[in-house]
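Note on naming: letters A, B, ... go to the chains in the order of the sequence lines (proteins, then strands), and numbering restarts at 1 for each one. Everything quoted here is computed from the prediction, not taken from an experiment.
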Protein chains: 2
Amino acid sequence: MSLTQVHELNSALASPGVQSPVDAGWHRGGKLWSNLNEVCDLLRIPSGLVGTDADCLFQHVQFKAGQRIYTLGQPFEMLYIVNSGFLKTVLIDESGNEQVLSFPMKGDLFGIDGIHHRQYASEAVALSSCDVILMPFKKFTALGRTHAELETAIYSVMSRELLREQIMVSMLGSLSAEARVARFLVSLSERFAEMGYSGKQFNLRMTRHEIGSYLGLTLETVSRAFSAFNEIGLISVEQRAIGIKDLQALKTLRRLPPSRSRAKQEAANAMKRSAIGLPSASSSRGPVAVA
Amino acid sequence: MSLTQVHELNSALASPGVQSPVDAGWHRGGKLWSNLNEVCDLLRIPSGLVGTDADCLFQHVQFKAGQRIYTLGQPFEMLYIVNSGFLKTVLIDESGNEQVLSFPMKGDLFGIDGIHHRQYASEAVALSSCDVILMPFKKFTALGRTHAELETAIYSVMSRELLREQIMVSMLGSLSAEARVARFLVSLSERFAEMGYSGKQFNLRMTRHEIGSYLGLTLETVSRAFSAFNEIGLISVEQRAIGIKDLQALKTLRRLPPSRSRAKQEAANAMKRSAIGLPSASSSRGPVAVA
DNA sequence: CGGGTCTTTGATTAGGTTCAATAAGAGTGG
DNA sequence: CCACTCTTATTGAACCTAATCAAAGACCCG
């Protein structure tokens with residue numbers, strides 16, 4: 001599973017000698033490396049003060065779509081930071097079902113769940129070609145001890161992840177299917193914008209099935225939500241290509257307004273009810289229900 | 001809101017002089033204090049090595065049912081450790097709806113979500129009389145710098161919380177209402193057992209509404225699940241008093257087996273269908289479906 | 001071009017919510 | 001101590017959302 005790649009190079013990480021800068025990271029010995037400042041930038045950590053630790057480099061590793069970065073139960077040694085590309089992390093329950101937990105992308109730290117039991121509790125899989133920075137956890141915390149603001153940042157990033165999961169729990173616990181899909185699109189849009197891409201026009205890197213798993217829905221429901229949003233002009237959707245047309249409506253959407261197809265459905269139900277002598281539905285919803 | 005209690009004493013935390021040991025913690029100046037070793041024990045951290053920092057004491061504070069330990073948006077300074085009693089933490093969304101995130105009890109650390117934005121992202125409320133240890137975050141991390149195993153433990157505890165949220169997300173995303181309620185009872189049972197109480201017989205400290213909020217269900221669904229489990233002999237339930245009768249079945253439960261009331265329901269549906277000329281249902285489920 | 005995966009859409013059904021009514025406690029104050 | 005109220009819990013009935021089942025179309029890659 002290409003994991004040998006990752007492990008064969010855990011050794012010689014500390015030796016100076018920087019060379020020609022490239023994109024983000026330097027080449028050395030035919031491999032890409034980043035220093036601490038670049039890592040902090042990537043993690044959106046207010047470093048700045050960090051003295052130039054030229055002797056402190058972190059190796060990059062490339063993965064192709066479908067490859068696993070780590071697997072369930074594998075001994076924990078590293079955190080990973082996405083430099084480019086898209087991934088998913090999945091939880092695998094006792095009966096082997098996969099549940100998507102997150103879609104790490106540029107600037108995201110993942111692998112944190114391995115700290116507690118000293119082995120990963122999830123798996124990370126590349127959804128596209130990826131460039132990932134290896135961050136040996138021991139080294140990371142050691143640096144924290146000498147760089148106060150880095151230590152603060154480590155705690156902060158972990159807290160941020162916890163916050164993210166809390167928001168997720170709250171979404172799953174209280175929002176309708178359509179509202180979840182809408183918020184998913186909003187957060188993707190914002191994330192793309194942060195990364196410097198268009199937040200209005202982008203390609204999904206994951207399947208409907210993966211989105212559904214992430215949101216606690218079936219792939220059909222996700223597909224239908226996309227179609228419905230398309231129909232009422234909130235987005236345009238063609239396969240993986242998404243265009244955001246009304247971000248505000250997506251942000252505040254709670255339930256879907258009545259529409260052509262829904263009216264049709266309503267009518268059908270009404271007929272069925274009257275056929276068996278029940279009173280007609282009185283559930284006329286208001287217009288686009290928002291917060 | 002009794003928050004003055006908490007803040008009036010943020011000062012003089014460092015001065016020696018231990019007195020008569022009581023339960024967990026010492027009295028000094030009419031207040032309860034704990035040293036680092038007691039705190040580590042409480043958190044289930046393998047300390048041991050920690051030198052006796054007699055000069056390092058942590059104050060306890062008492063809360064009565066209904067009192068808030070911290071509120072949304074309040075500046076973050078402290079983590080809290082439950083010494084006794086029961087609490088809930090709730091997320092409050094844009095429209096003011098509460099969502100229960102956790103039920104901290106003895107040995108649990110809470111307040112972590114405040115680290116990132118330097119203000120609490122949730123609220124913590126006492127469900128019963130509580131004794132809570134104040135853990136100034138600055139002091140905690142400073143101690144981590146000098147006690148390696150404590151630093152490790154801090155990261156570990158944060159990772160554990162993240163793990164807990166992941167399990168929660170997975171539950172909400174993939175389990176039926178009854179399975180969620182069953183697992184909730186199992187985890188409560190295990191938690192009570194860990195704390196030295198009976199895992200077979202206990203009183204719920206939270207309402208059906210709070211349980212429902214925690215599990216992403218309505219209070220009626222929770223109540224019905226309890227009744228159903230009672231009916232088939234998995235538990236006994238009378239108001240808040242729960243007796244666990246078949247832990248294993250609760251652990252592996254996925255859906256509920258057909259029962260008296262369910263058969264009745266089935267029959268009713270069948271009648272309704274035949275009345276409008278639809279084919280009869282063919283959904284005979286197997287016996288108690290387990291993993 | 002053909003076989004795979006991914007997506008869309010329709011029809012039906014099941015699981016959970018909602019609404020409503022009742023009951024059971026827990027305080028509170030006369 | 002008892003009535004009164006407020007919160008909490010139980011249960012039933014109707015309804016509705018999202019899952020399931022099914023079929024067909026689109027896309028990709030060898």
Side-chain angles (χ1 to χ4, degrees), chain A residues 65-66 127 172-181 203-213 215-231 237-242 254-256 258 261-262 264-266 268-270 272-273 276-283 285, chain B residues 65-66 127 172-181 203-213 215-228 230-231 237-242 254-256 258 260-262 264-266 268-270 272-273 276 278-285:
Chain A
L127 295 177
L172 293 175
S174 66
L175 293 187
S176 72
E178 280 139 358
R180 290 183 217 177
V181 175
N203 286 308
L204 298 174
R205 303 306 171 22
M206 62 293 283
T207 68
R208 305 288 192 262
H209 180 76
E210 287 162 340
I211 297 172
S213 171
L215 298 176
L217 303 169
T218 60
L219 66 99
E220 292 97 329
T221 301
V222 174
S223 177
R224 274 186 249 269
F226 283 164
S227 299
F229 295 163
N230 185 37
E231 217 177 333
V237 54
E238 179 145 352
Q239 300 292 126
R240 303 278 181 104
I242 299 284
R254 303 241 135 178
R255 0 170 40 129
L256 218 54
S261 55
R262 299 217 149 201
K264 205 167 55 184
Q265 176 79 319
E266 275 292 306
N269 289 343
K272 222 155 64 175
R273 271 193 298 275
I276 54 173
L278 288 172
S280 71
S282 60
S283 69
R285 279 191 285 279
Chain B
L127 294 177
L172 292 175
S174 67
L175 293 188
S176 73
E178 280 139 359
R180 291 183 216 177
V181 175
N203 286 305
L204 299 173
R205 305 303 158 66
M206 62 293 281
T207 67
R208 305 288 193 263
H209 180 76
E210 286 162 340
I211 297 171
S213 171
L215 298 175
L217 302 170
T218 60
L219 65 97
E220 292 96 329
T221 301
V222 174
S223 178
R224 275 187 249 270
F226 283 164
S227 298
N230 185 36
E231 220 178 331
V237 52
E238 179 146 354
Q239 301 291 126
R240 303 278 181 101
I242 299 284
R254 304 240 136 174
R255 3 172 36 132
L256 217 54
R260 277 187 294 287
S261 57
R262 299 217 148 200
K264 205 168 57 185
Q265 176 82 315
E266 274 293 305
N269 289 343
K272 220 155 70 178
R273 271 192 299 276
I276 55 175
L278 288 171
S280 71
S282 60
S283 69
S284 59
R285 279 191 286 279

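- Closest to the A/Ser227 side chain, of the nucleotides D/dA9, C/dC19, C/dT8, is C/dT8.
- Atom-to-atom, CD1 of B/Ile242 to C1' of D/dA9 comes out at 12 Å; the value is rounded to the nearest Å.
- Heavy atoms of B/Thr221 sit under 4.0 angstrom from at least one base atom.
- No N or O donor and acceptor, one from the side chain of A/Gln239 and one from the base of D/dC28, sit under 3.5 Å apart.
- Spacing between atom CG of B/Leu215 and atom P of C/dG15 amounts to 18 Å, rounded to whole angstrom units.
- Judged by distance alone, the side chain of A/Ser176 and the main-chain N or O of A/Arg254 form a donor-acceptor pair under 3.5 Å.
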| Would A/Leu219 and A/Thr207 count as a side-chain contact (heavy atoms from CB on, under 4.5 Å) if you check the C-alpha gap in whole Å, the side-chain angles of each, and the deciding distance to 0.1 Å? | CA-CA 8 Å; A/Leu219 66 99; A/Thr207 68; over 6 Å; no
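- Judged by distance alone, with hydrogens and angles left aside, A/Glu210 brings no side-chain donor or acceptor close enough to the base of C/dC6 to form a pair under 3.5 Å.
- Counting non-hydrogen atoms under 4.0 angstrom, A/Thr218 reaches a base of the nucleic acid.
- In this structure, the nucleotide among C/dT17, C/dT9, C/dT7 sitting nearest to the side chain of B/Leu217 is C/dT17.
- B/Ser213 places no side-chain N or O within donor-acceptor distance of the main-chain N or O of B/His209, the cut-off being under 3.5 Å.
- Residue B/Arg208 places its side chain closer to D/dA9 than to any other of D/dT20, C/dT17, D/dA9.
- In this structure, the CD atom of B/Glu220 is 14 Å from the P atom of C/dG16, given to the nearest Å.
- The shortest side-chain heavy-atom distance between A/Val222 and A/Phe226 falls under the 4.5 Å cut-off.
- Taking CE from A/Met206 and CZ from A/Arg240, the interatomic distance works out to 8.5 Å, rounded to the nearest 0.5 Å.
- The CD-P distance, from A/Glu238 to C/dT7, rounds to 13 Å in whole Å.
- Among the protein residues, A/Leu219 comes within range of the nucleic acid bases, having at least one heavy atom under 4.0 Å from a base atom.
- Across all strands, A/Gly212 comes closer than 4.0 Å to no nucleic acid atom at all (heavy-atom distances).
- Distance A/Glu178 CD to D/dA18 C1': 9 Å, rounded to the nearest Å.
- In this entry the distance linking CG of B/Asn230 with C1' of D/dA9 reads 14 Å, nearest Å.
- The distance between atom CD of A/Glu231 and atom C1' of C/dG10, rounded to the nearest whole Å, is 14 Å.
- Judged by distance alone, with hydrogens and angles left aside, A/Arg224 brings a side-chain donor or acceptor within reach of the base of D/dT20, the pair sitting under 3.5 Å.
- Residue B/Ser223 has its side chain nearest to D/dT10 when only C/dT18, D/dA22, D/dT10 are considered.
- Comparing C/dT9, C/dC6, D/dT8 by their closest approach to the side chain of B/Arg240 singles out D/dT8.
- Across the protein-nucleic acid pair, A/His209 atom NE2 and D/dA19 atom P stand 12 Å apart, rounded to whole Å.
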